[in-house]
Amino acid sequence: MRLPEFIRSTTFRWTILVSGAYALCILLMFGFVYWRTADYLITNVDQLISDHVNAIAGEPPIQRQRELDEHLKADPRRVKLGGLFDASSTRISGNVANLPPALRLDAGAQSVPVIRSDALGSERQVVRAIGRRLPDGGTLVIGRNIDELAAMTRVVERALMLGLLSALILGVAVGAFLSIRAQRRIEAVNRKIRRIIAGELRQRLPTRASNDPFDKLASLVNGMLDEIEELVRGIAGVGDDIAHDLRTPLTRVRVGLERGRQHAKTVEELRAVADQAIVGLDQSLAIITSLLRIAEIEQSRRRAGFRDVVLSELVREIGDLYEPIAEDKCIAFTVGVTEEVTVHGDRDLMFEAIVNLVDNAIKFTPEGGRVELRLLRSGEDGIVRVGDTGPGIAASDRNLVTRRFYRSDKSRSEPGLGLGLSLVSAIVKLHGFRFAISQGPGCVAEIAGRRAKA
């Protein structure tokens, strides 16, 4: 017979195991309490018996019988026993019918069976008793019924059974509840996962806002699914963009070659057509090369080559490289290095990222404008800032310009592939730096990274 699913769950088994351990602890605790209580009561009874037997045995022979009778008379619960016997073990006084054969005389208190004989009849009982030989040859026996201890034992046993039974029932109920609850949550998660596997990437694992470990795990997985969905959407968009951007130059190449085949009459005309085709193919290859480079950077294949990079040297080098280019375009180009900043990274990649920002700034800044390349320090961060007085980037486009092939309306008339800022974003992400674009007089782009420790 196959057990129900919730019984075979780990949660239910662990709950039962914990309940069993708890029941064992209760059993040990009750056993210890009972043992200590019984020991305490028996010790008190034995001391009480010893005091009485010593007191009565110490009396003169004439007073012993009277003292024994007085002792037994004050007994509303019928727990006291005593007997005074002569040298021939014949009872002189008391409610003990005969001298117990198992009783060791002149020893400590011991449990022995006796026959109680009084006005209510004879009854066999097991009592704690002490037997003492008297100087006249007689024997004095003083005892006390310990049925109270047996009654207490029965009470403890009943309480223990009820407690253990209640604990066991509660443990099974809690285990079943937790197991069924967890099973339902897992089934809900499985249904969502099956839908995600089927292609519904918008599905997310259910959460209950309870901040329990299961919810935390579901939140992490949902965050991962958000990232995967974004990546899949990006890949689909990139595929469309690649097809679109490659189709244009390839179409131009094909049309140019076809026209050249039909209309070219001289070798020079054919050479011109071939040169145009080569330009179009170079543009297509440039797109593919840029995409491969971005993919390589995003996959973090170059982190092993990270070293300390002195940004001040890098910024000055880029400034020297672009100063004549800006001068040819009649743009004021200034380089400012206020701090000597060192970061941990790949020098070539950092050079490429900053060059892309400076190149964009000069490209989109009109004649008579101004471009600034500055190196600053803010707390523990080194900041490379590139500002210009160009048309800037609209607020609605600032989160989109790092997407591959994205080109705003203002930049469509300028040559380019739309991959420069994507490359910058990939390099910054690889280094764990921050990249931000904000509105200035034109546009301000910043790369901020933590300085390397000396």
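Counting begins at 1 with the first residue of the sequence.
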Tell me whether K192 contacts the main-chain N or O of P206 through its side chain, where contact means a donor paired with an acceptor under 3.5 Å.
no
Checking P366 now: which residues fulfil side chain to side chain contact (heavy atoms under 4.5 Å, CB included) with it, not counting sequence neighbours?
none
Could I get the full list of side chain to side chain donor-acceptor pair (under 3.5 Å) partners for R184, not counting sequence neighbours?
none
Considering residues at least two apart in sequence or located in another chain, which fulfil the side chain to side chain contact (heavy atoms under 4.5 Å, CB included) criterion with A107?
R104, Q110
So, using salt bridge (charged side-chain N to carboxylate O under 4.0 Å, His left out) as the criterion, who are the partners of E258 when residues are at least two apart?
R254
Listed by chain and number, what are the side chain to side chain contact (heavy atoms under 4.5 Å, CB included) partners of Q125, not counting sequence neighbours?
L81, R116, E123, V127, N145
Quick one: list whatever passes side chain to side chain contact (heavy atoms under 4.5 Å, CB included) with R204, sequence neighbours left out.
N222, L225, D226, E229
Suppose we screen for side chain to side chain donor-acceptor pair (under 3.5 Å). Which residues come up paired with R77, at least two apart in sequence or across chains?
E148
Can you name the side chain to side chain donor-acceptor pair (under 3.5 Å) partners of D106, sequence neighbours left out?
R133
Residues two or more places apart in sequence or in another chain: which of them pass side chain to side chain donor-acceptor pair (under 3.5 Å) with S312?
E340
If the condition is salt bridge (charged side-chain N to carboxylate O under 4.0 Å, His left out), which residues does R374 pass it with, not counting sequence neighbours?
none
With E268, which residues qualify under salt bridge (charged side-chain N to carboxylate O under 4.0 Å, His left out), at least two apart?
R271
Got a sec, which residues hit salt bridge (charged side-chain N to carboxylate O under 4.0 Å, His left out) with D359, two or more places apart in sequence or on another chain?
none
